[in-house]
**Student:** 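A single structure is presented below for examination.
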Amino acid sequence: MLSELLQEAFEVDGRIVRSLKLLFFFPGTLSRAFSENRRADFVSPVRLYIFTSLVFFFVFAQTASIETDASLEREAQVLNAEGLNTTNVARFKAMLTRGQQAQVDRI
């Protein structure tokens, strides 16, 4: 059963191309075809979701760059070097929104 599930979820064929074309350019047509039980020509919604999620996360991992703010990084180094004291906490709170400052006060 697990083998069938994995095969159904990750097998790529011509149906996925047809489904994606309709989904991007004529989404109502794809929905109508499913509601009229013409499902053999298209990929199941779960399989389409899994496929597009995998493609998205692959593309995102290849293109996204994580940049850190140099000033925040320096502040973290100061806090690590000097430890927590009232001056460091006040400097840290100055960088936060009012709601975040309230959460720091509660902590």
**Student:** Are there over 12 heavy-atom neighbours, none belonging to Phe34, within less than 6.0 Å of that residue's CZ?
**Tutor:** yes
**Student:** Work out which heavy atom in Lys93 is nearest to a heavy atom in Gln101; give both atom names and the distance.
**Tutor:** O-NE2, 2.7 Å
**Student:** To the closest 0.5 Å, what do you measure between CZ (Arg18) and NZ (Lys21)?
**Tutor:** 9.0 Å
**Student:** Out of curiosity, Phe58 CZ to Thr63 OG1, how far, rounded to the nearest 0.5 Å?
**Tutor:** 10.0 Å
**Student:** Glu36 side chain to Ala33 main-chain N or O, any donor-acceptor pair under 3.5 Å?
**Tutor:** no
**Student:** Would you compute the distance between atom OG1 of Thr97 and atom CD of Gln103 and round it to the nearest 0.5 angstrom?
**Tutor:** 8.0 Å
**Student:** What's the separation between atom CZ in Phe25 and atom CG in Leu30, rounded to the nearest 0.5 Å?
**Tutor:** 13.5 Å
